[in-house]
Amino acid sequence: MANKKNELSIYNSLSGEKEIFKPLKEGFVGLYVCGPTVYSYVHLGNCRTFISFDMVYRYLKHLGYTIRYVRNITDAGHLENDAEEGEDKIAKKARLEQLEPMEIVQQYTINFHETLSKFNNLPPSIEPTATGHIIEQIEMVQKIKDNGFAYESNGSVYFDVEKYNKKNYYGELSKRKIEDLISGTRSLDGQNEKKSPLDFALWKNAKPEHIMKWPSPWSVGFPGWHLECSAMSTKYLGEEFDIHGGGMDLKFPHHECEIAQGTASTGKKPVRYWMHANMLTLNGKKMSKSTGNTLLPNELISGDNDVLEKGYNPIVVRFFMMQAHYRSTLDFSSEALNAAEKGFSRLMDGINILKNLKTSDQSSQDVKDIIDSFYDAMNDDFNTPILIANLFDAVKYIQNVNNGTSTISKQDKELLEKEVNAFTFDILGLTEIQNEQNSSLDKVMELVLKMRQKARDEKDWDTADEIRDVLNDARIEVKDSKEGVTWMTK
RNA sequence: GGUCCUGUGGCCGAGCGGCUAGGCAGAGGUCUGCAAAACCUCGUACAGCGGUUCGAAUCCGCUCGGGACCUCCA
């Protein structure tokens, strides 16, 4: 499907339009995604962004690109808040819990990896940490300073936004004007070190009680909040690279600052295509750590929460997320998840039937058209909801072949199977859900169903139905079909 | 307050000038001892009011709702 490769268009936040994707170097893609801050558990909103970009990564791979996918781990450097005078987030929590900062980082990093693997995310090619790239960050500060876009103040180094804006456009990504930004700035304490309230820290002088700090030409301190992504993306993907992704809430100021830092240090705009994934909402509001409006992956999976009526398999959740476009907000609710759960099993049923579908001399539908529709959907800015709709069209066709109202040739069947599997499993990243095996329950059920079958053979419907009803109350569903009796836990 | 996004049938969610997705729920049917499941068939909805147009859910204006960013956040 190499011909489809040149038809991918991506919505570029920088231009505000869909653009045909052309990598800097034919056949290769550099992809950078802002990763998590590992000072607490990732919540589902975080997960949505990473799942969205996992899908992007998977589709680019499917198109045959060689991709270097870099996603950082922020284990230092983010400020707690202004009142804390620039205290490092990780250090703050460490003191509260009497743990080493790196102990916390380790704990939450492991949790992050475990969580994403439950959602069947592929690992990135490189997952660099901020603390592992202090030298690169110091070098970048120095470069920006040498180029005249930063100044030192009390051992801290700040980016000079107004100076940068004279020849560049600070605000080009978030579509803001510097005048509006200045007028909208609140006057806060502790900003007297800065020439302008818009200036942001590249390097912060650390207070004595600060735990995570490193020596630098300016002070013993720690890097600014936006610097790590610039330093690490430059190191691993180059001064200019293809795609930078992240959550919508990082657009300003984080990504705006990254553009400024990159441009100020190298003279080149660092990113060709900016992609932003939209927020996951809960009760109509953005999921957020700070407001407490969150749901953790484990709470979702176990059902141990006040928001949803039961637990959901992470793959069902992934499917649910894929039913919405990555640039739209998506609201979490039991009703919506229940619908996704049923839809998902319908899709899986279709795929299973396809495996052993009987073939005829010719096909009653144009299978190539169906497959083209998959590519067209994905090539239109990764439109997974349309892709899923088209997959359901394919399922309907498969069911019709299965019940004899349509036909498919052997060749088409093999083609369809290959592509449906590719889009469902490789690209959407879904997997078949295995029912957990419970051997003692299996044995009991074998016996119970044997007894029920005996009753049925004797046309003792009362007994047969009673067994079925009691099992149903115990959340075990019994289904009689021509092929025999099956059961499943609900 | 500033900047921007958004409002689609009972629910979720695509589409973004004409051909009017998809899933769930609901209705009818096939199958079945009955049921369930499964499968098939069925839905003309686009916040309100104006305007542009041969034609608008889709463009423009206003009104009313919801949300994001402007402060750490995916």
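Letters A, B, ... mirror the listed sequences (proteins, then strands); counts begin at 1.
- Remark: Ser328(A) is in phosphate contact with A14(B), judged by side-chain N or O atoms under 4.0 Å from OP1 or OP2.
- Taking the ring axis of Phe53(A) as reference, the NZ or CZ atom of Arg71(A) does not stay both within 45° of it and closer than 6.0 Å to the ring centre.
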When you compare the protein's N or O atoms with those of nucleotides 3-8 of chain B, which come within less than 3.5 Å of each other, and at what distance?
residue, atom, partner, partner atom, Å
U3(B), O2', Lys175(A), O, 3.4

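- Under a cut-off of 6.0 angstrom, the local environment of CD in Glu466(A) is sparse, with at most 12 non-hydrogen atoms contributed by other residues, nucleotides or ligands.
- In this structure, of C69(B), G13(B), A14(B), it is A14(B) that holds the atom nearest to the side chain of His325(A).
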Can you check nucleotides 25-28 of chain B for protein contacts, nitrogen or oxygen pairs under 3.5 Å, and list what you find?
residue, atom, partner, partner atom, Å
A25(B), OP1, Lys342(A), NZ, 2.9

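- Taking the six-membered ring where the residue is Trp, Phe392(A) and Phe319(A) present perpendicular rings, their angle passing 60° and hence far from 30°.
- At the heavy-atom level, Ala324(A) lies under 4.0 Å from the strands shown only through sugar-phosphate atoms.
- Across all strands shown, A38(B) pairs with U30(B); the Watson-Crick or G-U wobble distances both stay below 3.5 Å.
- Comparing A74(B), A38(B), C24(B) by their nearest atom to the side chain of Leu280(A) picks out A74(B).
- Between Phe200(A) and His226(A), the angle of the ring planes goes over 60°, which puts this pair in the perpendicular group of the 30/60° scheme.
- For RNA chain B, the residues of residues 390-400 of chain A within the heavy-atom distance limit of 4.0 Å (strictly under) are Phe392(A), Asp393(A), Lys396(A), Gln399(A), Asn400(A), sorted by number.
- Using N1 to N3 plus N6-O4 or O6-N4 for Watson-Crick, or N1-O2 and O6-N3 for G-U wobble, each under 3.5 Å, U20(B) pairs with nothing.
- Taking atom P on both nucleotides, U52(B) is separated from A68(B) by 37 Å, rounded to a whole Å.
- Checking Glu193(A) against Tyr158(A) by side-chain atom types alone, a donor-acceptor pair falls below 3.5 Å.
- The residue among Ala389(A) and Tyr326(A) whose nearest nucleotide of RNA chain B lies closer to the 5′ end is Tyr326(A).
- For Arg346(A) against A38(B), a side-chain-to-base donor-acceptor contact under 3.5 Å is absent.
- Heavy-atom distances to RNA chain B give each of Ala336(A) and Asp465(A) a nearest nucleotide, and the one nearer the 5′ end belongs to Ala336(A).
- Residue contacts shown for Gly35(A) are limited to sugar-phosphate atoms, with no base heavy atom under 4.0 Å away.
- Which of A14(B), C12(B), A74(B) sits closest to the side chain of Ile386(A) comes down to A14(B).
- Evaluated for a side-chain contact (heavy atoms from CB on, under 4.5 Å) with Leu44(A), the options Thr294(A), Leu295(A), Thr115(A) yield exactly one hit, Leu295(A).
- Atom pair Arg71(A):CZ and A74(B):P shows a separation of 12 Å (rounding to whole Å applied).
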